[in-house]
2 protein chains.
Amino acid sequence: MAKLDPALDLAFAALSDPTRRRILERLARGPATVSEMHAAHDMSLPSFTAHLKKLEGAGLITSEKTGRVRSCALSPGAFAPVQDWLAEQRALWQGRLDRFDTYVTQLSEERKP
Amino acid sequence: MAKLDPALDLAFAALSDPTRRRILERLARGPATVSEMHAAHDMSLPSFTAHLKKLEGAGLITSEKTGRVRSCALSPGAFAPVQDWLAEQRALWQGRLDRFDTYVTQLSEERKP
DNA sequence: TGATTACTTAGCCATATGGCTAAGCTTGAT
DNA sequence: ATCAAGCTTAGCCATATGGCTAAGTAATCA
């Protein structure tokens with residue numbers, strides 16, 4: 001499996017900002033328009049839409065403009081690469097613990113006879 | 001439960017750089033010294049240790065200097081806040097899907113009689 | 001004691017990030 | 001035809017990030 005590092009870079013960077021995480025939390029409950037979401041944030045509209053652009057650039061959300069209104073939604077499965085990476089780390093770590101356990105067990109076995 | 005946003009900010013930001021993820025992948029296999037890890041990265045030592053400082057600042061790794069050598073290790077459970085946040089998102093999303101399903105089911109029930 | 005190893009600190013540089021205001025530009029309502 | 005709503009673009013600003021080199025410090029080795 002390839003690393004897809006750039007995608008991880010973008011996803012993690014997008015997640016590192018509290019405004020953007022709040023947006024994602026909102027969208028997890030269902031789609032919303034730019035203005036609807038902006039109303040909950042004490043920030044200029046251009047600054048706010050810049051955050052949306054980052055989230056979309058990272059593939060975490062999608063958006064579509066209908067008339068003059070842009071509607072946003074969570075990208076289904078967008079967190080998968082991130083969760084996969086974390087799961088892999090966990091597996092590596094667990095593997096190390098297991099090997100350490102084996103090692104300790106062997107040590108105590110060697111001591112017995 | 002409080003949000004602990006600053007911790008998440010730091011953790012996600014630390015994870016957004018490929019060099020730092022490589023360091024974490026290395027440390028998941030066991031502790032290592034600064035020089036050992038630096039050998040695998042085509043980068044000046046000061047730049048490299050800056051990455052280590054970020055990881056430590058985010059609470060993802062710990063380090064201890066013995067003599068003139070600094071040894072680094074993964075912080076056990078350091079990914080927990082990150083994984084918890086992702087799990088919560090997943091739960092929100094799943095809740096939404098469930099409610100949508102209920103809604104669709106109700107619609108079709110109402111149509112039957 | 002003197003040299004070498006293993007960092008550490010200081011300072012510089014280019015680019016990225018996150019905020020703002022002001023001025024567009026469609027689209028929808030009147 | 002006009003006006004308001006809902007973004008969008010452009011440009012500015014301060015700070016943060018990620019890289020470098022050069023110089024400093026502390027510990028070990030010969």
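Throughout, protein chains are lettered first and strands after them, A, B, ... in sequence-line order, and every chain is numbered starting at 1.
- Ring geometry for B:Phe48 against B:His38 counts as tilted: the plane angle lies between 30° and 60°, on a 0 to 90° scale.
- We find that B:Lys54 and B:Asp17 are not joined by a salt bridge, their nearest charged nitrogen and carboxylate oxygen being 4.0 Å or further apart.
- The NE2 atom of A:His38 sits 14 Å away from the C1' atom of D:dA5 (whole-angstrom rounding).
- In this structure, B:Glu64 places its CD atom 13 Å from P of C:dT8, rounding to the nearest Å.
- Between B:Asp9 atom CG and C:dT17 atom P the separation is 15 Å, expressed in whole Å.
- For the pair A:Ser44 and C:dG19, the criterion of a side-chain N or O lying under 4.0 Å from OP1 or OP2 is not met.
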Nucleotides 7-9 of chain D: which of its N/O atoms have a protein N/O under 3.5 Å away?
from: D:dC7; atom 1: OP1; to: A:Arg70; atom 2: N; distance (Å): 2.8
from: D:dC7; atom 1: OP2; to: A:Ser35; atom 2: N; distance (Å): 2.9
from: D:dC7; atom 1: OP2; to: A:Ser35; atom 2: OG; distance (Å): 2.1
from: D:dC7; atom 1: O5'; to: A:Ser35; atom 2: OG; distance (Å): 3.3
from: D:dC7; atom 1: O3'; to: A:Lys65; atom 2: NZ; distance (Å): 3.4
from: D:dT8; atom 1: OP1; to: A:Arg70; atom 2: NE; distance (Å): 2.9
from: D:dT8; atom 1: OP1; to: A:Arg70; atom 2: NH2; distance (Å): 2.9

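- Between the side chain of A:Ser63 and the backbone N or O of A:Arg70, no donor-acceptor pair lies under 3.5 Å.
- The separation between B:Asp17 atom CG and D:dA16 atom P is 18 Å, rounded to whole Å.
- Summarising the geometry, the separation between CG on B:Leu15 and P on D:dG18 is reported as 12 Å, rounded to the nearest angstrom.
- Of the listed residues (B:Val82, B:Leu74, B:Leu55, B:Ile23), just one forms a side-chain contact (heavy atoms from CB on, under 4.5 Å) with B:Leu60, and that residue is B:Leu55.
- Per the geometry, CE belonging to B:Met43 stands 16 Å off P belonging to D:dT17, to the nearest Å.
- Spacing between atom CZ of B:Phe48 and atom C1' of C:dT9 amounts to 18 Å, rounded to whole angstrom units.
- The aromatic rings of B:Phe12 and A:Phe12 lie tilted to each other, with the angle between the two planes from 30° to 60°.
- Mapping A:His51 and A:Thr66 onto DNA chain C by nearest heavy atom places A:His51 at the nucleotide closer to the 5' end.
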Exercise. Start with the C-alpha distance between B:Leu86 and A:Leu86, add both sets of side-chain angles, then the distance that settles side chain to side chain contact (heavy atoms under 4.5 Å, CB included), and finish with yes or no.
Key: CA-CA 10 Å; B:Leu86 289 167; A:Leu86 289 167; 3.5 Å; yes
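- Taking atom NZ of B:Lys54 as the reference point, atom P of D:dT17 lies 4 Å away to the nearest angstrom.
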